[in-house]
Amino acid sequence: MKDSNSGSAHSQGAADSSTSSNFIRNKIAQDLKDNKYGGRVHTRFPPEPNGYLHIGHAKSICLNFTVAEENSGLCNLRFDDTNPAKESQEYVDAIKNNISWLGFAWNGEVRYSSSYFAHLYGFAGQLVKSGKAYVCDLSADQAREFRGSLTQPGKNSPNRDRSVEENLELFERMRAGEFVDGACSLRAKIDMASPNINMRDPVLYRIRHIEHHQTGSEWCIYPTYDYTHCISDAIEGITHSLCTLEFEDHRPLYDWILHNLDIESIKAASDLADFDGDYVLPEQTEFAKLKLNYTIVGKRQLKEMVDTNVVDGWDDPRMPTLAGMRRRGFTPASIRNFCESVGVARSDSVVDLGMLDHAIRDDLDKHSPRAMCVLRPLLVVLTNLAEDHLENLDMANHPKNEEMGRRSVPLSKQIVIDKSDFEEVASPGFKRLVASGEVRLRGAYVIKCDNVVKGEDGEILELHCSVDMDTLGKKPEGRKVKGVIHWVSRTKGIPLSVNLYDRLFTVENPESKDIEDFRDVLNADSLIRLDDCMAEPSIGNEGATDKYQFEREGYFCRDDKESATGRLVFNRTIPLRDSW
RNA sequence: UGGGGUGUCGCCAAGUGGUAAGGCACAAGGUUUUGAUCCUUGCAUGCGUUGGUUCGAAUCCAGCCACCCCAGCCA
């Protein structure tokens, strides 16, 4: 995939939900009204390439891209790659792929914080020269002790008052590779007694003799997040730097760094160097992360689930990763609609999984063609049909959208129905097939169960039913048949396997501290594999889509990865709502 | 217990002094050859709590309570 992704900003998968007011939209509207940034709105999505994107990231992606789009603004994709020890190109590629899949187009080329390393180094020199930064020899452990605690102020580093000249020389030597990892660091000189621990002389640069996935071995010192993020935003001409709540305490540092640098030199280094209007520094605004009940979105735990084979990789359909959800059958529109419906606010909240369920059902109901697939087959012999009976029944692909066309479904003497659609003696409220009872075969005839054939152990082997030939497309005479069941021709149907997925955890909050190990609360039935399923032949047609509503069962999606082995495999994205 | 935040229906969430939007869930009806979809109706005399200001407060003020985040040379 090329980095340039400058197609239409409104590409496939665009959401169609209505928008609602939130504090970020309001703030942007106000800033526009005040002409704060000369009419510009420029956001960015800044992932660290140290893992796969998940549903929580989707909220941030949707927010940043849509808020820019709504205001004729721009949104950059910037990899915040300042910690090469944890990052890799694999993640960079996966992230780009996921964002494009969601249907968003970032502004221009993909950005990397690492491509600003030279500027960052130069600005650090500026801070050293103005006495705002110094090289500190304290080890990480010592620095922690000097930092104080939440209730106790910190102590100044013994190196805090080094001369500018000495700091300059030391910093250059750090960059030149003269010191081992951790020997010293560059720190901002702010206030060791600040009640905000982030302001107690935070580290700006640390020594790491390690290869970087973008810059190779060019650098052996790497800037920290706090130092890098604000300057990267400023360089890219970002106006609204949106991030999550835990960075709230970092905002004073974000502002401190930018305000202690020469603004003209920032502008000169930025994409706005030739911009006529006033150059205005970016501002950080925080919003609450997305949390979902019954799911884990912690990167560390997600990685552990992959590494310990609790799931089958980052794209396991049970994973809340975008890669997993895609394979599960989620559509970009459903995820966008979900993010919009969840809203953006500052209060910690846990969204009910039911909202996600609704979003995917809503989209799939409108856009999926219908088909019939029997998950747990029970043979039914239609006794009054000829041995070679073959009738092609015409059925609509969608009950309320005729533009989706029609298809032909073969009916033969032997068909299969789902085991759960037959009960020898009906339980209360049961309205499907029972012994001596009648039921409608969807899109076909009404049949009557005349005989139940059982094996020696009483197991039901097959049903013998007679067809009322006068019921195709019309109601039976003189009686009411309320049940309708799906079916598949046993001779013409396509055998396939199906994966039935359910939530991975049995408790609402698997990330709770009360739970020592998430393995203790795993749902043993999160995956049920069925290997004897049979679907109507149309799903194997040339040009057939990969997503269907298997009538009366749910929404399913062909798993191309598994189907590649030869046997067709479908994943159940989500079952139909069942009010029974 | 220092600092920063947040508290509006079971779950999200609008609302920024004029008398509580919307969505999800749920419940009850209606349509239906998917127990689906769709439609209709219901669902906070109440906005963490206690006081105060005001003709009028979820909105302003004060106190209290609960919960979340921060002591990486992670982001």
Side-chain angles (χ1 to χ4, degrees), chain A residues 17-18 20-23 26 46-48 50 80-83 85-87 136 138-141 143-145 147-154 181-187 194-200 202-208 221-222 224-226 228-229 243-252 286 288 290 293 299 340-359 361-362 365-366 370 372 395 398-400 429-432 440-446 471 473-475 481-486 549-554 575-580:
Chain A
S17 71
S18 54
S20 70
S21 129
N22 65 48
F23 80 101
N26 293 346
E48 184 191 12
N50 67 345
D80 213 343
D81 55 349
T82 56
N83 185 8
K86 293 186 175 175
E87 302 157 4
C136 176
L138 254 29
S139 69
D141 286 342
R144 186 179 320 119
E145 281 170 33
R147 194 155 33 234
S149 72
L150 293 179
T151 51
Q152 310 239 122
D181 289 4
C184 52
S185 63
L186 183 74
R187 298 226 256 160
S194 171
N196 180 347
I197 293 181
N198 295 121
M199 299 299 270
R200 318 238 264 230
V203 169
L204 268 24
Y205 268 93
R206 68 285 216 191
I207 301 172
R208 291 281 181 280
I221 57 172
Y222 291 99
T224 56
Y225 163 82
D226 285 308
T228 308
H229 205 89
C243 65
T244 46
L245 254 24
E246 69 269 28
F247 292 103
E248 210 159 2
D249 290 341
H250 296 241
R251 191 176 20 170
E286 313 84 14
L290 172 67
N293 57 13
K299 265 189 190 175
E340 182 59 42
S341 75
V342 149
V344 181
R346 287 175 64 86
S347 55
D348 292 303
S349 56
V350 181
V351 174
D352 196 291
L353 251 197
M355 287 242 217
L356 222 207
D357 293 349
H358 172 77
R361 284 199 185 101
D362 191 48
D365 173 61
K366 291 189 190 98
R370 313 284 121 129
M372 292 194 287
M395 296 179 66
H398 190 104
K400 37 178 68 166
F430 188 78
K431 60 181 209 186
R432 284 105 92 185
R440 160 79 65 181
L441 292 181
R442 166 119 254 234
Y445 303 89
V446 168
T471 53
K474 57 157 101 164
K475 298 204 188 313
V481 174
K482 38 189 193 317
V484 179
I485 64 175
H486 55 105
Q549 182 200 94
F550 285 158
E551 288 195 286
R552 301 209 315 124
E553 291 290 355
L576 248 30
R577 269 186 61 170
D578 186 3
S579 57
W580 189 52

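Below, read A as the first sequence line, B as the second, and so on, with proteins coming before strands; counting in each chain starts at 1.
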Salt-bridge contact A/R370-A/D365 (side-chain N to carboxylate O under 4.0 Å): yes

Any [X] side-chain nitrogen or oxygen under 4.0 Å from OP1 or OP2 of [N]:
X      : N      : result
A/S341 : B/rC12 : no
A/R144 : B/rC73 : no
A/R208 : B/rC74 : yes
A/K475 : B/rU33 : yes
A/R200 : B/rA71 : no

Nucleotide pairing, RNA chain B (Watson-Crick or G-U, distances under 3.5 Å), in dot-bracket with [ ] and |: .(((((((.[[[..)..(...]]].(((((.......))))).....[[[[[..)....]]]]])))))).....

Euclidean distance for C1', B/rG17 against B/rG30 (whole angstrom): 44 Å

Pair of N/O donor and acceptor under 3.5 Å linking [N] base with [X] side chain:
X      : N      : value
A/Q549 : B/rU34 : yes
A/R440 : B/rU33 : yes
A/R370 : B/rU34 : yes
A/D249 : B/rG3  : yes

Nearest to side-chain heavy atoms of [X], which nucleotide of [options]:
X      : options                : value
A/T82  : B/rA71, B/rA75, B/rG3  : B/rA75
A/M355 : B/rC24, B/rU34, B/rA13 : B/rC24
A/S149 : B/rC68, B/rA71, B/rC11 : B/rA71
A/F430 : B/rG35, B/rC24, B/rA36 : B/rG35
A/R577 : B/rC26, B/rA13, B/rG35 : B/rC26
A/D578 : B/rC74, B/rC73, B/rG35 : B/rG35

Restricting to nitrogen or oxygen on both sides, can you table the protein-nucleotides 46-49 of chain B pairs closer than 3.5 Å?
none

Touch class at under 4.0 angstrom, heavy-atom based, for A/A288 against every strand present: nothing

A/G182 or A/T471, whichever maps to the more 5' nucleotide of RNA chain B: A/T471

Below 3.5 Å is the cut-off: list the nitrogen or oxygen pairs between protein and nucleotides 14-19 of chain B, distance only.
from	atom 1	to	atom 2	distance (Å)
B/rA14	OP1	A/V344	O	3.2
B/rA14	O3'	A/S21	OG	2.9
B/rG15	OP1	A/S21	OG	2.6
B/rG15	OP1	A/N26	ND2	3.1

Plane angle bin for A/H229 and A/Y225 - parallel if under 30°, tilted between 30 and 60°, otherwise perpendicular: tilted

